[in-house]
Amino acid sequence: MRRLLIAVLGSLALQAQANPDVISREYKLILDASRFQSQTESGDVLALMQAVKPAIENAIGRDVSGAISLDHDRQVRFYDTASTCRLRELGYSFRERVENGESEVTLKFRGPDRYIADFEDVSSSTNGAESKLEADVGATRAIPFKVVYSHSTKAPNTRTLNRMDDIHAHFPGFQSDYGLDDNLTLSLVGGLTIRERAYRNVDIDLGQHDAEISVTLWYQGTPSGSQSPVVAELSFKYEDPSADYTRKVVNRARQAFDALRGLEQWVEADGQTKTGFVYQYDSAFCQP
């Protein structure tokens with residue numbers, strides 16, 4: 001009996017390890033950034049939502065509720081090693097967000113295999129850190145439904161970010177796995193500081209779960225006048241800590257995503273992603 005119990009427990013442990021829980025699913029579309037201007041930003045976002053709401057409701061037969069409003073106004077910076085981009089080479093990104101004087105850092109691994117993503121150790125020793133394994137769904141003209149998995153941890157930060165040691169201080173598992181030199185210089189990717197303005201507070205009723213819609217606008221520097229963002233993104237996300245999604249929820253989410261892809265006057269089908277923009281802004285940054 002004891003051997004049977006040990007075997008069962010061992011089997012369950014292996015299943016838990018071999019079946020990583022994707023606790024968050026986020027669907028993302030790049031928008032035509034020229035449709036937005038700083039001086040008319042809130043009205044432009046509202047115009048977008050006036051197209052989004054009926055498109056989704058007609059597709060899934062359920063409500064989209066709430067009033068879109070500005071939720072975050074913050075600075076975003078990415079760091080990597082100049083000339084080598086060691087983090088990006090390993091499949092990682094390291095991002096800092098600063099809002100109201102408070103810094104938060106995120107270490108994220110992205111890849112097409114959820115098992116590989118889950119095995120990457122992004123655990124943090126910092127109090128208040130939060131981790132998740134997420135499915136990021138995107139689309140291009142050639143690929144209407146493309147899934148990439150991200151394993152990430154965000155943590156409060158008080159350090160000045162300029163050396164690899166500043167990553168290791170928060171993420172000792174990453175340090176153990178890759179053994180990068182503490183003294184490697186971290187530089188601002190592309191020399192860019194992005195102003196991120198994120199609009200939220202609108203939800204899609206998917207049934208078992210609600211999905212939160214976000215409109216994220218990235219500006220280079222402080223936006224003013226007729227300035228357009230460098231990247232605009234429309235997304236929606238739903239989460240379940242147990243990853244126990246129903247068939248109806250995932251099918252409705254796919255139908256909502258397809259409906260949003262049909263908003264051709266807004267969506268830039270082969271648009272550049274946010275992280276892609278940062279790394280491609282200065283093509284020489286990753287060159288030796």
Working for side chain to side chain donor-acceptor pair (under 3.5 Å), residues S103 and E96: CA-CA 7 Å; S103 171; E96 179 189 30; 2.7 Å; yes
Side-chain donor/acceptor of S123 to backbone N/O of G173, under 3.5 Å: no
Chi angles and distances behind the side chain to side chain donor-acceptor pair (under 3.5 Å) call for E99, H72: CA-CA 8 Å; E99 188 169 19; H72 288 292; 2.9 Å; yes
Plane angle bin for F174 and H168 - parallel if under 30°, tilted between 30 and 60°, otherwise perpendicular: tilted
Within-4.5 Å side-chain heavy-atom neighbours: Y27 and L29: no
Non-hydrogen side-chain atoms of T160 and D166 separated by less than 4.5 Å: no
Residue of the set Y92, Y79, F94 for which side chain to side chain contact (heavy atoms under 4.5 Å, CB included) holds with I167: F94
Pair T193-R77, side chain to side chain donor-acceptor pair (under 3.5 Å): steps then yes or no: CA-CA 5 Å; T193 295; R77 303 181 183 95; 3.2 Å; yes
Within residues 33-49 or reaching into it, pairs that qualify as salt bridge (Lys or Arg N to Asp or Glu O under 4.0 Å) - sequence neighbours excluded: E41-R197
Heavy-atom check, side chain of N127 versus side chain of P156, under 4.5 Å: no
Donor + acceptor pair across side chains of Y178, E120 (<3.5 Å): yes
F36 ring center near W266 ring center (under 6.0 Å): yes
Side-chain donor/acceptor of D21 to backbone N/O of I23, under 3.5 Å: no
Salt bridge present between D80 and R88 (N-O < 4.0 angstrom): no
Non-hydrogen side-chain atoms of D136 and K28 separated by less than 4.5 Å: yes
Lys/Arg-Asp/Glu bridge criterion (N-O < 4.0 Å) met for R254, D258: yes
Side-chain donor/acceptor of S214 to backbone N/O of S235, under 3.5 Å: no
Any D165 side-chain heavy atom under 4.5 Å of R159 side chain: yes
Y199: partners by ring-ring contact (aromatic ring centres under 6.0 Å, His included), with sequence neighbours left out: none
R195/D73 ion pair, N-O < 4.0 Å: yes
Heavy-atom side-chain contact between L206 and I60 under 4.5 Å: yes
Test item: side-chain donor near acceptor, S150 and R110, under 3.5 Å: no
Backbone N/O of A117 and side chain of H151: donor-acceptor pair under 3.5 Å: yes
Non-hydrogen atoms of F109 and G111 that approach each other most closely: CE2-N, 4.1 Å
Close side-chain approach of T153 to L107, heavy-atom, < 4.5 Å: no
Any side-chain heavy-atom pair of E134 and E26 under 4.5 Å: yes
Single hit among T246, D244, D240 for side-chain hydrogen bond (donor to acceptor under 3.5 Å, both in side chains) with H209: D240
Non-neighbouring partners of D181 that pass salt bridge (Lys or Arg N to Asp or Glu O under 4.0 Å), sequence neighbours left out: none
